[in-house]
Protein chains: 2
Amino acid sequence: MPVTIKDVAAAAGVSQSTVSRALSTPDLVNPGTRARVQAVARELGYQPNRAARGLITGRTANLGLIVPDLANPLFAAVVKGVQAAARAADYSVFIADTDEDASTEPGLLRALAKQVDGIVLCSPRSPDAELTEVGADTPVVLMNRQVPGYPAVTVDNADGMRQAVEHLAALGHRRIAYVAGPRSSWSNGQREHGLRVTTGALGVDLVHLGHFPPRFDGGVAAADLALACGATAVVAYNDIVALGLLSRLGARGVAVPDRISVLGCDDIPMSAMTHPALTTVSVPQHEAGRAAVAMLLALLADTGPVTTHRDLPTQLTVRATTGVAPDPEPGTADRSR
Amino acid sequence: MPVTIKDVAAAAGVSQSTVSRALSTPDLVNPGTRARVQAVARELGYQPNRAARGLITGRTANLGLIVPDLANPLFAAVVKGVQAAARAADYSVFIADTDEDASTEPGLLRALAKQVDGIVLCSPRSPDAELTEVGADTPVVLMNRQVPGYPAVTVDNADGMRQAVEHLAALGHRRIAYVAGPRSSWSNGQREHGLRVTTGALGVDLVHLGHFPPRFDGGVAAADLALACGATAVVAYNDIVALGLLSRLGARGVAVPDRISVLGCDDIPMSAMTHPALTTVSVPQHEAGRAAVAMLLALLADTGPVTTHRDLPTQLTVRATTGVAPDPEPGTADRSR
DNA sequence: GTTGGTGCTGAAAAGGATTGCAAGAACTTC
DNA sequence: GAAGTTCTTGCAATCCTTTTCAGCACCAAC
């Protein structure tokens, strides 16, 4: 039988109201009583009943987080960031996983909406309309996705691609292949865009391959195409796909980066552990998780205007899978101009 | 403003009690009224307020899950298993991550205990005493750990090691190294035990290396020791460590499995993707997660006796990192006997 | 000596559901 | 036809907090 506010009130010789105030709005009670009440509460190990509090305040002190796939290390980072920020503000978080299936998103969203004060929706795959429906009654902050009028935290994918292309161009690559991710991925769209712009500006050829599933076997499947299309460098939608590329290239005995350079995106922990270690665009997903929660809490607090969009910088992390472009073989010569 | 039970009652022309019963104990109400009430409830989109229900029933319909590290794909599988089973029973789950730091476990456990009906505690690193303290008021089911008197779901690590050793012995290996994991890991203890028993029975030498941190770099660090100790096969505490071993062996130009065989444990997705693909002991963590929730729910339901221990089978998955033992080099000859 | 604050406290009303109790209706059964 | 069951249903209490409102005491100012 847990200790209630009534027990504390009795033990301290005051009313329940005073106990409640002493603990949640200390300014309103006489310093003497306040100290006594707090001491008694601590001594008895009193913890307010969250259900009772929630019933009257209408708040649950819970947040929701929806990610496409918990097994993807990228989202593990998001989860940790969200958890950290939530815990700091005394919120708990419910986590749900859509298993990369867009059709489960609306249902999960609705189910979660009932029991949380706000939701962080990470990399949703559903069309805009489905998302805005729930956003109407429960505050939702988007991650890795932008929908007009909705608060969002994104990372600057396009700039990451700019850095990647400039890096490759500086190494002499004149023809780059992109292994595209899911059509429904907003990030993929951003990356394609960034690639198009920078390759265009630098006069580098861009070959679009895919779309492929954002998994290891997607990369495996794409490797042969990348090799055949005459590119000397491949940029993958994400690191997992890049790892698949490396695996298949290794199996075919293709030297990386001597014959072909490979570049990933996300910088998951595994990327630093391969041989050769993967050059990749680091995206601050942990930080993005924190930022999303901060934005959500600001929205909930409802005190003044809130920054409703943050775009976090990305950064190229050069490791060992990118190198100087091979000399054009005789016959395939001068592709520039 | 959400629709309450009062709204439904008014719309259906009955009392709140009848609405409550029609939805939660349908047998107690007349089929006619029941149908009408249910229809109205559905039409109005009525969802009982969980806080209000929890206040009176004393139940939260939430479960807690504590894992050492969400970024570890092994625990991602646990999470998915737990989620699936919980959702099926209409429970939501709070997830917490200790970041492999045993000292945060008791605090998290206590914090979680207040807001859930039961907790699944996966691979705890704390000493028994710390764990039993919380177990007193909140039902706790352990995973990958046994504490006398506490319900638990485990996997048969010892038998997995038996399969591993028999496999290696059949390939002609007579000297096996084990790269040990954390001292505080119960699974590690079980694995060591299984190895000792089976190598003893088969007359195979067992070299104990470590303890090493259960990370990629732990494996990297262990590789040179394994090579130097004269073993022709290495069993790693888990797949991540095995991947580290492979990486370092590859960097040193040591042929796997020709010169030395490598065997992991857990069968994380990454293991099938390396070159060569990792031979490993598969542990059914997804299934274990489901089982732990089933046990917890049975405990909560409090209807009759409950199986308080399940031990799930493990299975050797042979891939490409284990092969026939190399011929003993001249001079190092006859090690048997 | 009244009036008007200010500070602190307690009584009581929510908040939305569940559930024990009792009453009325409908049926048996003698 | 009366008494006793069995079904249904509604009333009202209860869960634990927060929060409004009013009251009391005390002090300053006129």
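The chains referred to below are lettered A, B, ... by the order of the sequence lines, with proteins before strands, and numbering in each begins at 1. None of the values given here were measured: they were computed from a predicted structure.
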Distance-only side-chain donor-acceptor flag, [X] / [Y], under 3.5 Å:
| X | Y | result |
| --- | --- | --- |
| B/E105 | B/T98 | no |
| B/T60 | B/D117 | yes |
| B/T18 | B/S15 | yes |
| B/T154 | B/D311 | yes |
| A/S92 | B/Q115 | yes |

Classify the nucleic acid contact of [X] as base, sugar-phosphate or nothing, counting any heavy atom under 4.0 Å across all strands shown.
| X | result |
| --- | --- |
| A/S24 | nothing |
| B/V19 | nothing |
| B/R50 | nothing |
| A/T4 | sugar-phosphate |
| B/S20 | base |

Rounded to the nearest angstrom, tell me the gap between atom [atom1] in [X] and atom [atom2] in [N].
| X | N | atom1 | atom2 | answer |
| --- | --- | --- | --- | --- |
| A/K6 | C/dA11 | NZ | C1' | 13 Å |
| B/R21 | C/dT19 | CZ | C1' | 8 Å |
| B/I5 | D/dG10 | CD1 | P | 12 Å |
| B/N49 | D/dC16 | CG | C1' | 14 Å |
| A/Q16 | D/dT20 | CD | P | 17 Å |
| A/N30 | D/dA25 | CG | P | 16 Å |
| A/L28 | D/dC21 | CG | C1' | 14 Å |
| B/L55 | D/dT17 | CG | C1' | 8 Å |

Ignoring backbone atoms, test whether [X] places a side-chain nitrogen or oxygen under 4.0 Å from the OP1 or OP2 oxygen of [N].
| X | N | answer |
| --- | --- | --- |
| A/T18 | C/dC8 | no |
| B/Y46 | C/dA17 | yes |
| B/T57 | D/dC15 | no |

Inset, instruction - Could you check B/V29 against B/A52 and say which one's nearest nucleotide on DNA chain D is further toward the 5' end? - result: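 Closest to the 5' end, via its nearest nucleotide, is B/V29.
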Legend entry - Residue whose closest nucleotide on DNA chain D lies nearer the 5' end, B/I56 versus B/S15: B/S15
Legend entry - Polar side-chain contact A/R53-C/dG15 base: donor and acceptor under 3.5 Å: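 No pair found.
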